[in-house]
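Read the numbers this way: they start at 1 and go in the same order the structure lists the ligands and their atoms. Starting from 1, each residue takes its place in the sequence as its number.
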Amino acid sequence: MKTYRIAMVPGDGIGKEVIPAGQRVLEALAAAESSFQFEFENFAWGGDYYRQHGEMMPANGLDALRAKDAILFGSAGDPHIPDHITLWGLRLKICQGLDQYANVRPTRILPGIDAPLKRCRAEDLNWVIVRENTEGEYSGAGGRVHQGLPIEVATDLSVMTHAGVERIQRFGFRLAQSRPRKLLTLVTKSNAQRHAMVMWDEIAAQVAREFPDVTWDKEMVDAATARMVNRPASLDTIVATNLHADILSDLAAALAGSLGIGPTANINPERVYPSMFEPIHGSAFDIMGKGLANPVGTFWSVVMMLEHLGQMDAARRVMQAIEHVTANPRLHTRDLGGTATTAEVTAAVCAEIGATAGKPLTTV
Ligand code: ATP
C-alpha cells in the first residue's frame with residue numbers, strides 16, 4: 001500500500017481549525033480506500049512559534065519539509081506581529097525555498113452557493129488563475145535608508161527574470177491547453193510599466209507559438225477586474241504576475257461566493273520539491289476559535305493535493321462530497337449566510353466520502 005507523507009502546517013488563526021478538518025477528510029478518504037494511506041506530521045510554526053523563538057519557523061525547517069510528498073498549509077498572520085514578518089517568515093519562505101513557482105487558484109461557483117453577480121450563471125464562471133509565485137513584485141529586493149528622517153527613501157523593486165517569466169507562462173499555456181476551452185488571458189500592465197512588463201508580454205508571444213491550439217489575449221490588470229465582473233464567461237485560464245494575481249484571485253473568490261471556499265496549490269512543477277496546498281483565505285482572527293470558519297477552501301485544496309499526487313479518482317470523490325455538502329444550505333457556514341459550524345461541515349463531508357466509498361463517481 002502506498003503511503004503519502006504529508007506535512008501539516010496550520011499556522012495562525014483559523015488555520016488551526018481548518019487544517020485539522022482537512023486532515024479528518026484525508027483520514028476519512030484513507031479509511032474508504034485500500035490502495036493508499038497517509039502519514040501526517042504536524043509543524044506548529046507561525047505566530048506562537050515566533051513569540052517563543054523570534055522566528056516563524058526554524059532555520060532548518062525546510063529540510064523537514066523536503067522529505068514530504070506534499071504540504072497542507074493553513075495561514076500565516078497575527079494581529080500582534082507585523083504582516084511582512086509573518087508572510088516572509090513562513091509562507092514565502094516555504095514557497096520560495098521549495099521553488100513552488102506556480103500558484104494555481106481555480107474558481108467556480110459550487111452547487112448551492114449564492115454568488116453576488118446576479119446575471120452570472122454558474123457555468124459562466126469557471127476560471128483558473130495562475131500566479132507567478134517566486135519573484136516579480138514579491139522579490140524582496142529593495143530597502144529603506146534615512147529611516148525616521150524627512151529624507152527617508154524606501155523601495156520595493158519588482159524583479160522579473162526571463163527564466164522566471166518563461167517558466168510560469170509555459171505552465172499557464174500548458175494548463176490552458178489541458179482545459180476544454182483552451183483559452184488563456186495574459187494580465188499585464190505594460191502600458192505603464194515599460195520594462196519588465198513589456199518583457200512579460202514579449203515572452204508570452206514567444207511561448208504562445210508552442211501552443212497553436214490555445215487561443216490567447218492580453219488584458220491590462222485594471223481592465224481585467226472589470227472584465228471579471230462584466231464578462232466572466234470570456235475568461236478561462238488567467239496568467240498574471242505575483243501581485244496582480246494576488247489581487248485578482250481575491251476578487252475571483254468573492255465573485256464565487258466567499259473567501260472561505262477558494263483553494264490554492266503552490267506547485268513545483270518539476271517535482272524536485274514537495275508542493276504546498278492551502279485555502280486562499282488568511283488567518284481571519286475575527287472568527288477564530290468560534291467554530292465559524294468555512295473549511296471548504298481547505299477541502300478543495302485537499303482535492304488539488306490528491307490530483308497532484310496522481311490520485312484522480314480520490315480527488316473526484318472528495319470534490320463530489322464537497323459539492324454534495326455545499327448544495328445543502330443547512331450545511332452552510334456563516335460566511336455563506338448559514339449557521340453550520342466547521343465541525344458540522346467537516347463531519348458531513350467525511351460522512352459523504354464514507355457513504356460513496358466503492359460506488360461509481362458521478363461528477364467529473
Ligand atoms: P491575513 O492577514 O492572514 O490575510 P485577514 O483576516 O486579514 O487574514 P482573511 O482571513 O483572508 O484576511 O479574511 C478576511 C475576512 O473574511 C475575515 O476577517 C473573515 O471574516 C472572512 N473569512 C476568511 N476566511 C474565512 C473562512 N474560511 N470562513 C469564514 N469566513 C472567512
May I ask you to identify the nearest protein heavy atom to [atom], giving residue, atom name and distance to one decimal place in Å?
atom: atom 23 (C) of ligand 1; value: His281 CB, 3.8 Å
atom: atom 21 (C) of ligand 1; value: Ala284 CB, 4.7 Å
atom: atom 16 (O) of ligand 1; value: Leu259 CD2, 4.0 Å
atom: atom 20 (O) of ligand 1; value: Asp286 OD2, 2.8 Å
atom: atom 31 (C) of ligand 1; value: Ile287 CD1, 3.9 Å
atom: atom 27 (N) of ligand 1; value: Asn294 O, 3.1 Å
atom: atom 11 (O) of ligand 1; value: Gly282 N, 2.8 Å

Name every donor-acceptor pair, under 3.5 Å, that has one atom in a side chain of residues 335-344 and the other anywhere in the protein, sequence neighbours excluded.
from	atom 1	to	atom 2	distance (Å)
Asp335	OD1	Thr333	OG1	2.6
Asp335	OD2	Ser258	OG	2.6
Asp335	OD2	Asn294	ND2	3.0
Thr341	OG1	Glu344	N	3.1
Thr342	OG1	Gly291	O	3.1
Thr342	OG1	Ala293	N	3.2
Thr342	OG1	Ala293	O	2.7
Glu344	OE1	Thr341	N	3.0

Salt bridge or not for [X] and [Y], using N-O below 4.0 Å?
X: Arg144; Y: Glu152; result: yes
X: Asp222; Y: Lys189; result: yes
X: Glu270; Y: Arg167; result: no

Exercise. Which residue pairs satisfy the ring pair (Phe, Tyr, Trp, His ring centres under 6.0 Å) criterion with at least one member in residues 70-110, sequence neighbours excluded?
Worked result: none
Problem set entry | Any Ala293 heavy atom less than 4.0 Å to ligand 1 |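 Judged by the 4.0 Å heavy-atom criterion, Ala293 does count as contacting ligand 1.
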Problem set entry | Joint hydrophobic cluster, Tyr138 plus Met57, side-chain heavy atoms closer than 4.5 Å |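 Different hydrophobic clusters.
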Exercise. Does Leu183 belong to the same Ile/Leu/Val/Met/Phe/Trp/Tyr cluster as Met228, with side-chain heavy atoms less than 4.5 Å apart forming each link?
Worked result: no
Problem set entry | ligand 1-proximal atoms of Ser258, by part, heavy-atom distance under 4.0 Å |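 Looking at Ser258 and ligand 1, no heavy atom falls under 4.0 Å.
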Exercise. Side chain, backbone, both or neither: which part of Thr86 has a heavy atom under 4.0 Å from ligand 1?
Worked result: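 Neither; nothing of Thr86 gets under 4.0 Å from ligand 1.
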Problem set entry | Heavy atom of protein inside 4.0 Å of atom 7 (O) of ligand 1, strictly below |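 Protein heavy atoms within 4.0 Å of atom 7 (O) of ligand 1 - there are none.
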For this session: Could you say whether the N/O atoms of Ser283 and ligand 1 ever approach to under 3.5 Å?
Result: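 Ser283 vs ligand 1: N/O contact under 3.5 Å present.
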For this session: Using a strict cut-off of 4.0 Å, indicate which atoms of ligand 1 neighbour a heavy atom of Ala76.
Result: 3 (O)
Exercise. Are the side chains of Trp300 and Ile280 in touch, meaning some heavy atoms are under 4.5 Å apart?
Worked result: no
For this session: List the atom of Ile129, the atom of Ala252, and the distance in Å for their closest heavy-atom pair.
Result: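 Shortest heavy-atom contact: CD1-CB, 3.9 Å.
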